[in-house]
Protein chains: 2
Amino acid sequence: MIRVVVIDDHDVVRRGVIAYLDTEEDLDIIGEASSGHEGAALVKEIQPDVVLMDLMMENGDGIEATKEIMKTESCNCKIIILTSYYDDEKVFPALEAGAFSYMLKTSSADQIADAIRKAAMGENVIESKVATKMMTRFQREKLPHEELTNREMEVLLCVGQGMTNQEIGEKLYIGIKTVKTHVSNILSKLDVHDRTQAAVYVHRNQLLNHK
Amino acid sequence: MIRVVVIDDHDVVRRGVIAYLDTEEDLDIIGEASSGHEGAALVKEIQPDVVLMDLMMENGDGIEATKEIMKTESCNCKIIILTSYYDDEKVFPALEAGAFSYMLKTSSADQIADAIRKAAMGENVIESKVATKMMTRFQREKLPHEELTNREMEVLLCVGQGMTNQEIGEKLYIGIKTVKTHVSNILSKLDVHDRTQAAVYVHRNQLLNHK
DNA sequence: TTTCGTCTCAGACTTAAGGCGGAGAGCATG
DNA sequence: CATGCTCTCCGCCTTAAGTCTGAGACGAAA
């Protein structure tokens with residue numbers, strides 16, 4: 001039996017999920033909570049195998065609760081995030097906080113039950129939309145270049161769109177000489193020889209997709 | 001009841017698929033064939049709702065059979081391609097021939113049954129790997145530019161990798177003057193003003209991913 | 001206050017890029 | 001054979017790009 005706790009402040013959702021999971025013979029819902037604080041305390045107390053955690057909650061959100069739970073040393077439970085959102089601001093903090101899997105509420109009940117079983121076996125499940133975001137994020141983290149300043153990044157993105165120095169200057173309200181300085185610094189930081197290669201760099205690393 | 005015909009020259013596969021589909025109460029397997037010709041004739045005769053068609057067959061392949069079936073005016077059946085291959089040379093001819101859905105044999109039996117039901121309701125199912133190929137293909141079909149010659153495309157791809165005229169000339173064993181001519185023609189055909197924009201164009205349209 | 005980093009800009013210089021016009025060779029098509 | 005397309009290459013010219021050196025202004029941090 002896999003011992004599960006469900007944390008979600010939306011009663012209908014929580015009860016619905018529990019109702020379904022109860023029909024699965026190998027899953028045992030041993031507790032539920034309607035806020036992050038409450039949930040974290042409950043988890044510490046009853047030590048479930050898997051936690052199903054909503055992200056957006058009224059009193060203390062899921063990210064805080066996740067961090068709270070992961071801090072306890074004795075904890076070896078897996079936290080599955082179950083939410084409607086998959087934007088960067090939610091996904092990465094949740095994963096950094098220690099989430100084990102990341103499911104969307106658009107997933108079917110079967111998929112959620114599967115994710116719980118896999119979590120219990122140490123196998124994590126990342127919804128494909130979220131996985132895509134992770135991939136691009138990892139790619140970006142691997143960037144070998146020196147840190148560019150904010151201004152340089154602005155200029156680089158302009159170059160990546162095919163703008164000339166003149167156009168960049170007009171857009172950023174600075175002189176063309178200044179643009180040239182920035183471009184020159186960018187080229188040496190990225191270790192490329194001309195603006196075309198810099199533009200290629202932008203696209204290879206998908207820097208334009210996230211503004 | 002959804003009336004289904006299965007066309008596959010591999011006996012084991014055909015019988016396995018039929019055996020499974022027979023367990024589904026809403027599906028009625030009304031016919032089967034082991035070649036494209038045979039299958040097309042059968043379909044014309046008994047007018048099923050959905051056809052499950054293998055692509056690679058000994059006597060008359062699935063693409064020909066699909067075209068054959070789609071040519072008949074009275075035909076309002078949906079053809080689902082079921083194959084192991086998802087390379088460009090197979091996928092696009094099949095879709096152009098009139099295939100309604102495209103499934104891979106790696107799909108689960110459930111997914112195939114689902115695809116049949118959806119086809120009967122007018123909803124097509126494209127396996128994700130195939131869908132990805134379609135997306136990039138569509139993007140390429142929408143390209144607004146004039147047709148480039150083969151040589152120009154070669155040069156353009158070099159530009160898209162950030163190469164200088166000098167480097168391109170050395171790679172293609174032509175003079176730098178010739179490269180300049182090509183680049184100049186490319187710029188005017190693509191309606192861009194410099195090589196950097198051409199490089200951006202290459203990446204926006206993912207021209208490098210398919211060599 | 002001094003130091004450091006960033007952003008801004010200048011002048012002088014070199015070079016790659018790109019436009020324009022012209023042209024010859026090969027090759028397929030009608 | 002005449003036409004058209006492609007690929008090749010030339011010279012001349014203009015300009016955008018990029019390097020180098022130097023420097024002033026500003027704000028944060030030591």
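Numbers restart at 1 for each chain; the letters A, B, ... are given by sequence-line order, proteins then strands.
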[X]: partners by side chain to side chain donor-acceptor pair (under 3.5 Å), with sequence neighbours left out:
{"X": "A:Thr196", "result": "B:Thr196"}
{"X": "B:Asn165", "result": "B:Arg195"}
{"X": "B:Glu68", "result": "B:Lys44"}
{"X": "A:Gln197", "result": "none"}

Set of side chain to side chain contact (heavy atoms under 4.5 Å, CB included) partners for [X], sequence neighbours left out:
{"X": "B:Thr164", "answer": "A:Asp194, B:Gln166, B:Glu167"}
{"X": "B:Leu187", "answer": "B:Val183, B:Val192, B:Ala198"}
{"X": "B:Ser184", "answer": "none"}
{"X": "B:Ala119", "answer": "B:Val50, B:Lys78, B:Ile80, B:Phe100"}

Annotated protein contacts, base or backbone, on nucleotides 12-21 of chain C with a non-hydrogen cut-off under 4.0 Å, one of B, S, - each: -----BBS--

Spatial distance of atom CD1 (B:Ile168) from atom CD (B:Gln161) [nearest 0.5 Å]: 9.0 Å

Spacing of CZ belonging to A:Arg151 relative to CD belonging to A:Glu154, to within rounding of 0.5 Å: 5.0 Å

Rounded to whole Å, please give me the gap between [atom1] in [X] and [atom2] in [N].
{"X": "A:His182", "N": "C:dC7", "atom1": "NE2", "atom2": "P", "result": "6 Å"}
{"X": "A:Leu156", "N": "C:dC7", "atom1": "CG", "atom2": "P", "result": "13 Å"}
{"X": "A:Glu152", "N": "C:dT8", "atom1": "CD", "atom2": "P", "result": "10 Å"}
{"X": "A:Ile186", "N": "C:dT8", "atom1": "CD1", "atom2": "P", "result": "12 Å"}

Pairing residues for B:Arg3 by the salt bridge (Lys or Arg N to Asp or Glu O under 4.0 Å) criterion, not counting sequence neighbours: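 Not a single residue meets the salt bridge (Lys or Arg N to Asp or Glu O under 4.0 Å) criterion with B:Arg3.
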
Axis deviation across the helix from C:dT1-D:dA30 to C:dG30-D:dC1, five-pair ends, to the nearest 10°: 40°

Sugar-phosphate only, base, or nothing, as touched by A:Thr149 at under 4.0 Å among non-hydrogen atoms: sugar-phosphate

Contact boundaries on DNA chain D for chain B, cut-off under 4.0 Å to non-hydrogen atoms: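 The contacted stretch runs from D:dT6 to D:dG11.
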
